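What follows is a set of notes on a single structure, which appears directly below.
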Amino acid sequence: MLPDDAMPPDDTARLRAAVAFVREHDIATLLPLLLPGLRGPELRSLAPHCRFAHAGLLLFPTDPQDLRRQLADCGLAVDTPSQPSVVVRERLARRHRRALAELDVRILRPRVHGPAGERRAVEVFALTVPAHSDLEPIAAHERARGHEAHLALELEHPDPLVLRGLCAVLARHGARPDGGGYNPHEDGTVLYFTTPAAGASGYRRLELYTPGDHRDALDDHLRADTRARPDAGRPAETLLRLLTGAWTTQALAAFARLGLPEAMDPHAATSTRELSRRTATRPENLATLLRYLTMLGVVAACTGEAPCTEEEESFRLTPLGALLHADSPDTMRPLALMYGGPFYRSFAALDHTVRTGQPGFDHLFGENHFDHFARDPALADLFDRSMAASSRMFEPLPAHPVIITAARASTPRTVVDVAGGNGELLGRILTAHPELRGTLLERPHAVEAARRSLDAAGCGARCDYRSGDFADVPAGGDVYVLSRILHDWDDERCREILRHCARAMPDHADLLVVERLLPVDGSPSLATAWDLHMMCNVGGRERNREHYARLLADAGLELLDHTPLPLEAYVLHARKAR
């Protein structure tokens, strides 16, 4: 199995990789991949008590014949029996806000033999996604994120002491409890964990299964689930962890500003002394920062067996930390600099925002953030790059049915990106569909940045550029895009923006709106956090689906559907009301 950023592109390749992983690894080679640092006597004492049972993944065949073809291509039995998968079906329904009836998920466990002939399996969850179905964005999101990909260990003997000892070892090496349950039908207890980001297996979820009823251990495991109940029963510790969130933001920003991701190697450890030389920092202070970042999974410590000084400590870059490398294709460095810079400062005035309704940014800097950034070219460039740093949420958009239909039209169609920033989204769409043309509307300085970006992507010749405001939305396009725009504004300004779009849209045109949606059930969501951020920094807000439907209706537009995107975003599809 490969990490998310190197995942094979199609289901057959993903399944083949999972089969190869199961065939190649035994418990002694698997555990160190999952838990960096587990070695020596501790590994030798742990390995005899459990076995590698299976690797699991979620596939998206177009029909049962397609699934059988995938199994056959990977050397698996095509007649493997299947049954409905209730758990994964419910998780997908919650994650993507879909009705259970829309999701036909089956589970099957074709046999695979280990390196010494051990009987194992690949646990396949199959969600049927017919071609051109509105389930395709779900498939794209799940392939990219790998939520259901996991490895499973099974205890050889259902000993409660061994189970608790194994849980303690997993926790000591960075695995976090992530739910579990007891199945009375098969009399078995299962505990789920999230493994450290620094692991080398490519799998972040671990299933630990033991026969029998071990609900005492299960209760302790669930109480330790830091996502559901952080520091249960210890409110002072919980509050301390929450209060140090600002330290994490600044540690990540400092990591980026000091150029540490560029100075480090993801494959080999570098000593603190050498890193301090490369980054012009003090070794002892740098070691303190790197130890904190190790706790976050941004770097991995490689100190060896013998004690060493701070300067001799060595660290390597993890896949998480690599996202802050300036030259990474998916770099999030601009976000770290923005959230650790201007937006960090403005959050100190959050209480002012709550008392007065005035954005904290305006109170601190004396003007709104759009005007402030426009007067500072370097800051404006950083903001545009920080917006593009979340571009992985755009990955499924070129495959949206509206875009596909436009690309297949008999005459060239035009996609109009309203306030399109540096052209990241429009560039993805035009690159994926050479038949399409594009128009980008932005402020003058952003237009020039977009022109350079789209020229570099090889699609600038198919794009027109318009300098202006929302009142200048170009008429005559076929698809209009508003990506992360409406959450910047209050309802009245949103209605005005949508009316400008509606006036410019021909009757046949489609509007795609990319935003995060507030959950209606109060469940944890990035949208809830961004709601606070938008209020404090721009005076905007996040909204739920029904709220956006009302704003669209006020502008003479009708919300037709909404589909999920990565990073907990959604694309809302609207047209002129009939």
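Predicted model, so just to flag it, every value in this text is computed and none were measured.
- Between Arg89 and Pro84, the closest side-chain pair of non-hydrogen atoms is not below 4.5 Å.
- Aromatic rings of Phe373 and Phe361 (six-membered ring for Trp) have centroids within the 6.0 Å cut-off, being under it.
- Between Pro444 and Glu448 the shortest side-chain heavy-atom distance does not fall below 4.5 Å.
- The closest side-chain heavy-atom distance from Asp66 to Thr128 is not below 4.5 Å.
- A salt bridge is absent between Arg452 and Asp455: the closest approach of a Lys/Arg side-chain nitrogen to an acidic carboxylate oxygen does not fall below 4.0 angstrom.
- Looking only at distances, a side-chain donor or acceptor of Thr431 sits under 3.5 Å from a matching main-chain atom of Gly427.
- Remark: the backbone N or O of Leu430 is paired with a side-chain donor or acceptor of Arg462 at under 3.5 angstrom.
- Side-chain atoms of Asp469 never come within 3.5 Å of backbone atoms of Ala471 as a donor-acceptor pair (strictly under, hydrogens ignored).
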Steps toward side chain to side chain contact (heavy atoms under 4.5 Å, CB included) verdict (Glu442, Asn422): CA-CA 9 Å; Glu442 252 297 356; Asn422 67 356; over 6 Å; no
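- Remark: the backbone N or O of Thr195 is paired with a side-chain donor or acceptor of Arg204 at under 3.5 angstrom.
- Atom CZ of Arg503 has more than 12 neighbouring heavy atoms from other residues, nucleotides or ligands inside a 6.0 Å radius.
- To the nearest 0.5 angstrom, Ser386 atom OG is 10.0 Å from Met332 atom CE.
- With rounding to the nearest 0.5 angstrom, the CG atom of Asp11 is 9.0 Å from the CZ atom of Arg69.
- Of the charged side-chain nitrogens involved, at least one lies within less than 4.0 Å of a carboxylate oxygen, so that Arg495 and Glu492 count as a salt-bridged pair.
- Electrostatic pairing of Asp134 and Arg98 counts as a salt bridge here, judged by a charged N lying under 4.0 Å from a carboxylate O.
- Checked against Val415 for a side chain to side chain contact (heavy atoms under 4.5 Å, CB included), the options Leu512, Thr439, Leu436 give a single hit: Leu436.
- Under the 3.5 Å distance criterion, the side-chain polar atoms of Glu148 are left unmatched by any main-chain donor or acceptor of Val88.
- Between Pro359 and Val538, every side-chain heavy-atom pair lies at or beyond the 4.5 Å cut-off.
- Between Val513 and Leu559 there is no side-chain heavy-atom pair separated by less than 4.5 Å.
- Listed for the Thr353 side chain is a donor-acceptor partner under 3.5 Å among the backbone atoms of Gly360.
- Between the CG atom in Leu15 and the CG atom in Leu71 there is a gap of 6.5 Å [rounded to 0.5 Å].
- We find that Arg493 and Asp490 are not joined by a salt bridge, their nearest charged nitrogen and carboxylate oxygen being 4.0 Å or further apart.
- Here the side chains of Arg428 and Leu397 are not in contact, with every heavy-atom distance at 4.5 Å or above.
- Atom CG of Leu565 and atom CD1 of Ile138 lie 11.5 Å apart (nearest 0.5 Å).
- Here the CG-CG distance, from Leu498 to Leu557, works out to 6.5 Å after rounding to the nearest 0.5 Å.
- In this structure, Glu90 CD and Ser85 OG are separated by 9.0 Å, a value rounded to the nearest 0.5 Å.
- You'll find the ring centres of Phe370 and Trp489 inside the 6.0 Å limit.
- Between the Glu515 side chain and the Ile485 main chain, a donor and an acceptor come within less than 3.5 Å of each other.
- Judged purely by atom type and a 3.5 angstrom limit, His325 uses its side chain to pair as donor or acceptor with the backbone of Asp327.
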When you look at Arg413 and Thr405, which way does the side chain to side chain contact (heavy atoms under 4.5 Å, CB included) test go after all the steps? CA-CA 10 Å; Arg413 300 299 174 93; Thr405 299; over 6 Å; no
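- By the 4.0 Å N-to-carboxylate-O rule, Asp554 lies too far from Arg499 to be salt-bridged with it.
- Side-chain atoms of Ser133 do not come within 3.5 Å of backbone N or O of Glu136 as any donor-acceptor pair.
- For Phe470 and His500, the gap between ring centers reaches or exceeds 6.0 Å.
- By the side-chain contact (heavy atoms from CB on, under 4.5 Å) test, Ser483 pairs with Phe394, Leu425, Val481, Val514, sequence neighbours left out.
- The main-chain N or O of Ala504 is found under 3.5 Å from a side-chain atom of Tyr480 such that the two form a donor-acceptor pair.
- A salt bridge is absent between Arg375 and Asp371: the closest approach of a Lys/Arg side-chain nitrogen to an acidic carboxylate oxygen does not fall below 4.0 angstrom.
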Could you check Arg385 against Glu424 for side chain to side chain contact (heavy atoms under 4.5 Å, CB included), going step by step and ending with a plain yes or no? CA-CA 9 Å; Arg385 287 188 290 114; Glu424 173 70 26; over 6 Å; no
Report the C-alpha separation of Arg516 and Asp531 in whole Å, then their side-chain angles, then the decisive distance to 0.1 Å, and conclude whether the salt bridge (Lys or Arg N to Asp or Glu O under 4.0 Å) test is met. CA-CA 9 Å; Arg516 290 189 171 95; Asp531 199 21; over 6 Å; no
For Leu482 and Ile497: C-alpha separation, side-chain torsions, deciding distance, then whether side chain to side chain contact (heavy atoms under 4.5 Å, CB included) applies. CA-CA 10 Å; Leu482 279 172; Ile497 293 169; 4.2 Å; yes
Apply the test side-chain hydrogen bond (donor to acceptor under 3.5 Å, both in side chains) to residues His147 and Glu142: give CA-CA distance (whole Å), side-chain angles for both, the deciding distance (0.1 Å), then the verdict. CA-CA 6 Å; His147 291 297; Glu142 293 294 328; 4.5 Å; no
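- Residues His141 and Pro564 form no side-chain contact, since every pair of their non-hydrogen atoms from C-beta on lies 4.5 Å or further apart.
- A salt bridge between Asp491 and Arg543 is present, with a side-chain N of the basic residue lying under 4.0 Å from a carboxylate O of the acidic one.
- The aromatic ring centroids of Tyr192 and His150 lie 6.0 Å or more from each other.
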